[in-house]
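Working notes, structure below.
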Amino acid sequence: MKTKAKVLCLLAFILCFSSVMFVYADEKTTTTGNRNSVSGSGMGIAEDLGVSEETQKGQEDLSNKNGSSINSSNNEESGNGDTLRDLKRFMDKTCISLKEQLSDIETSCKELENQYQTALKLQNEGEAQLLQEQLQLKEQEKGECEQELKQVREQLRETVRTSYTEEEMARIRDVEMKLKQDFPDDRILPVENIIPIGFTLKFDTPPVIRNGRTLISVRALSEGMGAAVTWNGEDSTVIIEKEGVKIQLQLRNRLVYVNGNEMTLDIPPETINSRTVVPLRFILEQLGCDVDWDNDIIEIISAKL
């Protein structure tokens with residue numbers, strides 16, 4: 001089976017480089033405290049626009065005031081950084097390949113099921129038995145593919161975890177505890193449960209599920225997707241722009257404008273942990289990404305793949 005060969009290759013690749021990944025994570029932990037790197041997209045939105053400190057207060061704070069800024073470029077160093085990127089690209093492609101194969105298998109299963117039911121109605125016992133055997137084999141193939149995809153997803157989650165230093169993860173856990181106290185009705189998603197395919201995402205405020213909708217930091221979105229984000233403190237609006245798509249949102253307002261067209265959100269943008277958070281699925285789908293939810297694991301597939 002082609003997928004088994006791919007997964008075996010994947011596991012061999014992971015075994016070869018797993019030690020490098022953890023050594024790299026340890027190195028980042030020891031060096032992060034001595035660095036105060038700030039990327040262009042990591043600067044505060046309000047600060048970039050020259051907004052006053054009074055306007056910034058309680059709103060979007062994307063600066064690195066307390067060393068909490070998570071700079072995704074930290075993983076872009078030579079040597080180990082290249083290894084991590086190569087591993088991530090390999091697993092991304094394997095995941096996409098398995099998803100496509102699973103989709104083809106599911107289509108075949110439906111076709112065989114329809115043919116089987118037709119044969120039963122026509123009382124063609126010989127054909128019905130043959131179709132039933134084919135369907136059983138295809139269902140078995142489907143189960144194997146699902147298991148392989150599950151293994152690859154778990155490795156992708158591990159890659160996400162490895163992209164954070166111990167210090168960064170400790171800060172995120174502290175934020176999680178605070179959010180659980182401040183918003184007991186919300187559910188907090190572990191950062192490794194957001195799996196980006198074809199790009200990277202890093203958080204300093206974990207995603208939250210509120211009223212059945214996942215909210216994600218605008219900052220993480222802008223850095224990961226390469227989107228331009230503009231903050232207007234006068235009317236508390238956020239404008240997200242990427243490749244001809246312009247999304248305009250306002251804090252605590254369910255109305256949103258996409259390229260000038262008015263739409264309504266199920267849940268409005270909010271401020272959580274001094275970060276503006278927006279509905280994950282809506283924003284990413286407007287930017288052309290596919291979003292797949294599976295048992296609290298959210299898979300985001302870049303439109304460029």
Side-chain angles (χ1 to χ4, degrees), residues 2-42 64 67-101 147-173 190-204 206 219-226 289-290 292 297-305:
K2 292 182 179 180
T3 53
K4 279 192 173 181
K6 290 179 180 178
V7 171
L8 288 174
C9 182
L10 170 64
L11 293 176
F13 190 80
I14 291 169
L15 288 173
C16 291
F17 292 103
S18 60
S19 59
V20 176
M21 291 168 64
F22 289 108
V23 168
Y24 180 52
D26 291 339
E27 290 176 349
K28 287 200 299 176
T29 302
T30 58
T31 58
T32 301
N34 298 324
R35 291 186 307 199
N36 189 23
S37 61
V38 180
S39 66
S41 57
N64 189 27
S68 60
S69 175
I70 299 177
N71 185 353
S72 60
S73 65
N74 287 346
N75 288 335
E76 310 252 327
E77 299 170 356
S78 60
N80 293 332
D82 291 337
T83 300
L84 290 173
R85 288 196 300 273
D86 290 343
L87 176 60
K88 176 69 164 57
R89 281 194 293 266
F90 180 79
M91 288 192 293
D92 284 351
K93 291 179 180 179
T94 302
C95 183
I96 293 298
S97 177
L98 286 169
K99 286 172 69 71
E100 291 174 349
Q101 183 169 349
Q147 183 62 30
E148 292 162 5
L149 183 57
K150 180 179 179 180
Q151 293 173 358
V152 172
R153 281 176 172 160
E154 185 55 40
Q155 292 299 333
L156 282 167
R157 290 182 68 207
E158 183 61 34
T159 301
V160 173
R161 281 192 289 263
T162 305
S163 70
Y164 292 86
T165 66
E166 292 182 5
E167 184 180 11
E168 289 169 341
M169 289 300 292
R171 286 198 296 264
I172 290 173
R173 300 309 180 205
V191 293
E192 61 267 27
N193 278 27
I194 308 294
I195 302 177
I197 306 295
F199 65 105
T200 59
L201 275 177
K202 292 193 72 175
F203 301 91
D204 60 1
R219 172 189 172 179
L221 179 68
S222 63
E223 290 186 348
M225 297 296 298
C289 297
D290 290 329
D292 188 18
I297 295 178
I298 300 177
E299 204 172 66
I300 305 168
I301 303 175
S302 171
K304 292 184 178 181
L305 287 179

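Note that the structure is a prediction, hence the values are computed from the model and not measured.
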For [X] and [Y], which heavy atoms make the closest approach, and how far apart are they?
| X | Y | answer |
| --- | --- | --- |
| F203 | Y164 | N-OH, 2.7 Å |
| S302 | C289 | CA-SG, 4.1 Å |
| N193 | R157 | OD1-NH2, 2.7 Å |

Q. By side chain to side chain donor-acceptor pair (under 3.5 Å), which residues pair with E192, not counting sequence neighbours?
A. none
Interatomic spacing from [atom1] in [X] to [atom2] in [Y] - rounded to 0.5 Å:
| X | Y | atom1 | atom2 | result |
| --- | --- | --- | --- | --- |
| M225 | F199 | CE | CZ | 5.0 Å |
| K88 | T162 | NZ | OG1 | 12.0 Å |
| R153 | M91 | CZ | CE | 13.5 Å |
| R171 | T165 | CZ | OG1 | 6.5 Å |
| I195 | L201 | CD1 | CG | 11.5 Å |

Q: Check step by step if side-chain contact (heavy atoms from CB on, under 4.5 Å) holds for I197 and E299.
A: CA-CA 7 Å; I197 306 295; E299 204 172 66; 3.9 Å; yes
Q: Go through the steps to decide whether V160 and I194 satisfy the test side-chain contact (heavy atoms from CB on, under 4.5 Å), and finish with yes or no.
A: CA-CA 8 Å; V160 173; I194 308 294; over 6 Å; no
Q) So do the side chains of L156 and D92 get within less than 4.5 Å of each other, counting heavy atoms only? A) yes
Q) Heavy atoms, side chains only, cut-off 4.5 Å: are S163 and T200 in contact? A) no
(Q) Restricting to side chain to side chain contact (heavy atoms under 4.5 Å, CB included), what partner residues turn up for P206, sequence neighbours left out? (A) I172, V175, E176, L179, I188, V191
**Q.** Partner residues of D290 under the side chain to side chain contact (heavy atoms under 4.5 Å, CB included) criterion, sequence neighbours left out
**A.** I301
Q | Polar side-chain atom of S97 near backbone of K93 as donor-acceptor pair, under 3.5 Å | A | no
Q: Check the pair C95, K99 against side-chain contact (heavy atoms from CB on, under 4.5 Å), reporting the backbone distance first and the verdict last.
A: CA-CA 6 Å; C95 183; K99 286 172 69 71; 4.0 Å; yes
Q: Please lay out, stage by stage, how D86 and R89 fare under the test salt bridge (charged side-chain N to carboxylate O under 4.0 Å, His left out).
A: CA-CA 5 Å; D86 290 343; R89 281 194 293 266; 2.4 Å; yes
Q. Is the closest basic N to carboxylate O distance between E154 and R161 below 4.0 Å?
A. yes
